[in-house]
Amino acid sequence: MSMKKERIIRLTLSYLVIFVMFAIILYPVLWIIGSSFNPGQSLSGSSIIPENATLKHYQFLFDLEKSNYLYWYWNSLKVSFLTMALTVIMVSLTAYTFSRYRFIGRKNGLLAFLILQMVPNFAALIAIFVLALLTGLLDTHLGLILVYVGGQIPINTWLMKGYLDTIPKELDESAKIDGAGHLRIFLQIIMPLAKPIIAVVALFSFIAPFADFIIANILLRSEKNFTLAVGLYNMVAKQFGAEFTKFAAGSVLIAIPIAILFLAFQRYFVSGLTAGGTKG
């Protein structure tokens, strides 16, 4: 009987903690959604359920004559998808190399990746700006994508390498006996087995450009080249007429592509994160 009571108490506490955490996470999300339907411009009178809900803020954002929001949205999607694709390709190649081959400088290379990851991108803003200026990539999405991809490689290489180390090397040896080359082993054997970690790397590299403001604000100059973070910030940073409720509406729409990608890759996440983090 005591064990049964102990189990009930443990389950009750577990569910209570989950409920509290869920409320902490959900409340600001619901508040932002409610604010996006608030008819005014200020957030002071906003509530989760506005009295006079309106769609005018969303209509304003989709009106190309009044707002550049759709341009910003397209720019963010383009930068994020290209960053994701290039990051997955580069990280897959580097992680496979460090996992399967032994060469001079391998350990030092992994150590260099670890040290580079300790230095955040914004610590090198001046160098990034000067480099973009000298190469003619200032105010271009290509320059922004290259910076993002470079920043994603170190930590994701470590993560994917840990996962690839769990795939038996006997598979490679069997394929070599059957006459398969290195590229064929990589594409037809290793990569299909690495789908979980590829999904994790893809999601992380897709979210990063959406969430970044500092680097995009430094490199992008034209308003129509802005990403969502920079464009929405400028919307509320005006000296007069800061449009916080329109900012809330724009913030709500940002979550749509991230949520779709998360749901598409969800079945891979648990195995991808756990296997990639337990063996290095």
Side-chain angles (χ1 to χ4, degrees), residues 21-22 24-26 28-30 32-33 36 61 69-92 94-95 113 116-125 128 141-163 194-220 225-233 247-277:
M21 295 302 297
F22 184 74
I24 292 173
I25 294 171
L26 191 61
V29 175
L30 293 177
I32 287 293
I33 294 174
S36 69
L61 293 177
Y69 183 80
L70 289 179
Y71 291 110
W72 304 337
Y73 210 101
W74 165 247
N75 292 339
S76 289
L77 285 175
K78 179 175 67 173
V79 170
S80 294
F81 274 114
L82 290 175
T83 299
M84 179 181 69
L86 289 175
T87 298
V88 168
I89 293 171
M90 296 297 296
V91 168
S92 298
T94 53
F113 275 0
L116 285 172
Q117 190 57 37
M118 294 178 184
V119 182
N121 282 340
F122 65 82
L125 283 180
I128 291 173
H141 293 148
L142 177 59
L144 194 60
I145 290 168
L146 293 177
V147 172
Y148 287 148
V149 172
Q152 292 285 332
I153 289 176
I155 186 62
N156 286 318
T157 295
W158 270 95
L159 189 64
M160 186 176 286
K161 176 192 172 296
Y163 188 94
K195 284 182 181 178
I197 196 63
I198 291 174
V200 172
V201 171
L203 183 68
F204 286 173
S205 57
F206 181 85
I207 292 176
F210 262 99
D212 176 68
F213 165 76
I214 297 177
I215 297 176
N217 190 47
I218 291 296
L219 294 184
L220 300 179
N225 282 339
F226 286 169
T227 55
L228 278 170
V230 181
L232 289 175
Y233 170 78
F247 176 91
S251 301
V252 170
L253 296 175
I254 289 176
I256 294 176
I258 297 175
I260 292 173
L261 199 65
F262 179 83
L263 292 174
F265 292 160
Q266 187 177 13
R267 57 187 176 137
Y268 297 117
F269 289 154
V270 175
S271 60
L273 285 172
T274 53

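Small disclaimer: the values here were computed from a predicted structure and weren't measured. The figures that follow rest on heavy atoms only: side chains count, while hydrogens, waters and symmetry mates do not.
- For the side chain to side chain contact (heavy atoms under 4.5 Å, CB included) test with I128, the passing option among L144, L146, L219 is L219; the others fail.
- L61 approaches Y69 most closely through the heavy-atom pair O-CB, 3.3 Å.
- The shortest non-hydrogen separation linking L220 to N225 is CD1-O, 3.2 Å.
- Minimum interatomic distance between P196 and Y163 (heavy atoms only, all atoms of both residues): CG-OH, 3.4 Å.
- Between atom CZ of residue F213 and atom CD1 of residue I218 there is a gap of 8.5 Å, rounded to the nearest 0.5 Å.
- Aromatic ring pairs are classed by plane angle as parallel below 30°, tilted from 30° to 60° and perpendicular above 60°; the pair Y73 and F210 is perpendicular.
- Between S36 atom OG and L253 atom CG the span is 8.0 Å, to the nearest 0.5 Å.
- Note that CE of M21 and CG of L26 are 12.5 Å apart. Values are rounded to the nearest 0.5 Å.
- For the residue pair T157 and A95, the shortest heavy atom distance occurs at O-CB, 3.9 Å.
- With values rounded to the nearest 0.5 angstrom, L77 atom CG is found 5.5 Å from F206 atom CZ.
- Within the 4.5 Å cutoff, no side-chain heavy atoms of L82 are placed close to those of H141.
- Rounded to the nearest 0.5 angstrom, F204 CZ and I155 CD1 are separated by 9.5 Å.
- Residue I197 forms a side chain to side chain contact (heavy atoms under 4.5 Å, CB included) with just one option from V91, L159, N156, and that option is L159.
- For the pair P209/T227, no side-chain contact is recorded, criterion being any heavy-atom separation below 4.5 Å from C-beta on.
- The closest side-chain donor-acceptor pair between Y233 and N217, if any, does not fall under 3.5 angstrom.
- To the nearest 0.5 Å, the span separating CZ on F226 from CG on N75 amounts to 10.0 Å.
- With contacts defined as side-chain heavy-atom distances shorter than 4.5 Å, the pair M160/I198 qualifies.
- Each of T83, T87, D212 was scored for a side-chain hydrogen bond (donor to acceptor under 3.5 Å, both in side chains) with Y148, with one residue passing: D212.
- The environment of K78 atom NZ is dense: over 12 non-hydrogen atoms of other residues, nucleotides or ligands sit within 6.0 angstrom.
- The heavy-atom pair separating L232 from G250 by the smallest distance is CD1-C, 4.0 Å.
- Nearest heavy atoms, S205 versus A202: OG-O, 3.0 Å.
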